[in-house]
Each structure stands twice: as C-alpha cells, then as structure tokens.
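Because the structure is a prediction, the values reported are computed rather than measured. Letters go in sequence order (proteins before strands), and every chain restarts at 1.
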Number of protein chains: 2
Amino acid sequence: MADVKRDSAIAEVDKQDVPVADEWELFSTPAPLINMASRGLMRLAERRLKPFGASAGQLPVFYLLRDGGAMTQRDLARLARIEQPSMAQTLARMERDGLIRRASDPRDGRSSLISLTKKALAKAPALRGALHAGRAELVEGFSEAEIAMLCDLLRRLNRNLDRGVAKEIAE
Amino acid sequence: MADVKRDSAIAEVDKQDVPVADEWELFSTPAPLINMASRGLMRLAERRLKPFGASAGQLPVFYLLRDGGAMTQRDLARLARIEQPSMAQTLARMERDGLIRRASDPRDGRSSLISLTKKALAKAPALRGALHAGRAELVEGFSEAEIAMLCDLLRRLNRNLDRGVAKEIAE
DNA sequence: ATATTATACATAGGTACCTATGCAATGGCT
DNA sequence: AGCCATTGCATAGGTACCTATGTATAATAT
C-alpha cells in the first residue's frame, strides 16, 4: 500500500492536508505550467528511454542523424536549438556510450563530422516506437484540433521568448 | 553587426543555409515545443532575476513564504511540486546566499521550519515586479481567452503526465 | 516497553541545460 | 605572405531538476 506513495510526492498534492489555496496562485499563469509539463515530460521520457540505453537529450541527435548521415556539432546544436556547449556535452556522453562516432571533416580542420554508430542506428526504431506511444499518452483525451491549437499557442509563445531574449541583448 | 550574433545561436535558425525541413519534424509535436518554451522561460527568468540576486528555482519559495511565515522543507517541496532533494538543494543555495533561515521545529525533531530572511523579504516586491513584466512580455499578442485556453490545455496535459507516471509505477 | 514501519531530511551521482571564456583553424583583406 | 576577425570546439562553473539510498526521529502496533 505504501508502495504507491514512495515513488513521487509530486503527483499527489491534492490529497494532502496542507492548504491548497496557494497552489492556484502558483500555477495560474502559463510559465509554471509549462515548466511543470517540461519536467514531467523529461521524467516520462527518461523512464521510457532508459531501457534502450538512451535519454531525452539525445533524441534530436538520433533524429537528425537517423538516416546514417553525418553532421557537424554546430549544425546539430543549431537544428536542435540548444547552445553549442550543451550539444558538446550530450555528444560526449553519446560517444562514451558508443552511440556516435566522429570523423574529421576534410573541409574544416576544426570540426568533425558526427554520425550514429551501428549500435545506435539499431536502436532507432525502438526509440521511435517508445516516443510514439509516449506522445499518444501525453495527448490522451485531446482532439486533433486541440493539439493543433496547443502547438500553435506554444509556437507563438516561443516566438515571444526568442524576441524577448534578442531585444534584451540589443540593450 | 556581429554583436547580435554572438549571444545565442538558438533564436536564429531560420536565417541559416542549412535545410530547415527537419526542424518542422522536430518541433511539430507538443513535447519539444514545451521543452523549448521551458528553456526559454528559464533563460529569461534567470536574466531578469540575477540583478536581484535570485534565480528561477527559488521563486516558489519566495512565493510560499512571502508573508514572513515558516514552513517545512517537505511542504515547500510538495507545494512547489518538486521532489524533496531538489528543494533541499535550492534551500541550501538560498541559505548560502542568506535568503532563508532554519529554525528547529519544536514539534518534530527531524524537520526545521524555513523562513525568509529580512534580506529576502526586502527583495520580494522587486521580484514580483520583474515577474509581472516578464509575464506580460511572454503572452504579448495573446488575448485573455487564449491565455486561459493555453493554461487549460497545459493543465490537462499535466494531468495526463501525472497519471502516466503513476500508472507506470503500479506496474 | 519494544520492535517495526513511516517520515523528514541529507547525500551521492547523473542528465540537461545555461553563460563565459579560451584556443586553434579558417578565411578574408591588404 | 601576413594580419585579423570570425568561427568551431573545448572547458570551467553554475542552476535545476531527477533517482536511489542512507540516517535519524516519530508514530504505530504488538
């Protein structure tokens, strides 16, 4: 009986004896809801992917190199929309785990061309399956129109965020 | 001219010479959009809060203890919806920075009652101002109805996530 | 009263991001 | 050819999460 309780204190706030009034304030705005969703997604993805020896941050790499192609670290970072050091760290872990290989770029001595190993390519279908299932679970009870609406709103939000960051840099 | 470029490679994908077809695939589903939004929010919040000597993860603590009250670490974690060790780490940093104080709980020898220091309480109004501004910027161009819709969709998504996690634990 | 279970916290280790900064190869410009 | 800004990557250090596990106190059941 206590087993269900042991796992995560997060999913069961409303059954507590603590006043819940604050919660509405804390999660009445989009930002914390997005943050919470992101953390939930990460946890779920981690749980789904771990059995296959992969993790959430590696997914863009798997996706971008899925057809056996090669790419520069810079391009991987840019297409995955993360900063270069973040991608460097992810690639370091993937190399450690034998998922990627680096070949020196003949046209540029600074960079190397990253590609998935056979081991990684073999995992790809399983990962895609896990993601597909996860996606279905995530939007369970949503109509296609609602999903499209959500994506649209999020894209607009992201545009605002990009703009905001850019603006503040220009002083 | 290059100054605008230096800051962040993330906000300027579409002006590149790299094929963009993949990007649509990578960001056509809610999950990556949420992840991206969350990272954007974090970056923005960090930038807004740093001048005041605070950071994003501390906001729930500031909020929950804003009236000078005290609370257990456990309750802080539960109301902020993060795991206990995460809250412990946040509190450790806040203590390091002189933002919180711990008083031993007379009714329970295991826990201590956390409260904001005067220094932290003094910051609170500024933080609230920064957040208010940030929130406005975030949802710029959104109608109130759209914001409400977004929050509603996100809440449903979060429920699905909670349920998914709970389900997988029950085997 | 004592033994067991549950709870509150601490600690260890890991992922995924970020910014700031240094270094080395490139590619113009003169 | 030689200088120099740019670019690709590496490294250092930090925040914010997570899971797994240990430890002491508290609550409960015998």
**OP:** Just grab all the salt bridge (charged side-chain N to carboxylate O under 4.0 Å, His left out) pairs involving residues 114-124 of chain A, residues at least two apart or on different chains.
**Re:** none
Kindly say if [X] contacts the phosphate of [N], meaning a side-chain N or O under 4.0 Å from OP1 or OP2.
{"X": "A:Q73", "N": "D:dA10", "result": "yes"}
{"X": "B:R74", "N": "D:dA26", "result": "no"}
{"X": "A:N35", "N": "D:dA16", "result": "no"}
{"X": "A:S55", "N": "C:dG14", "result": "no"}
{"X": "A:R39", "N": "D:dC18", "result": "yes"}
{"X": "A:R43", "N": "D:dC17", "result": "no"}
{"X": "A:S86", "N": "C:dA16", "result": "no"}

Once salt bridge (Lys or Arg N to Asp or Glu O under 4.0 Å) is applied, do any residues pair with [X], and if so which ones, sequence neighbours excluded?
{"X": "B:R110", "result": "B:D108"}
{"X": "B:E46", "result": "none"}
{"X": "A:R102", "result": "A:E95"}
{"X": "A:R156", "result": "B:E146"}

Original post:
DNA chain D: A:Q89 or A:S112, which has the more 5' nearest nucleotide?
Top reply: A:S112
**OP:** Look at all strands and tell whether B:A56 reaches a base, only sugar-phosphate, or nothing, counting heavy atoms closer than 4.0 Å.
**Re:** sugar-phosphate
Within the sub-3.5 Å range, which N or O atoms of nucleotides 22-26 of chain C have a protein N or O partner, and how far apart are they?
from, atom 1, to, atom 2, distance (Å)
C:dA25, O3', A:G109, N, 3.4
C:dT26, OP1, A:G109, N, 2.5

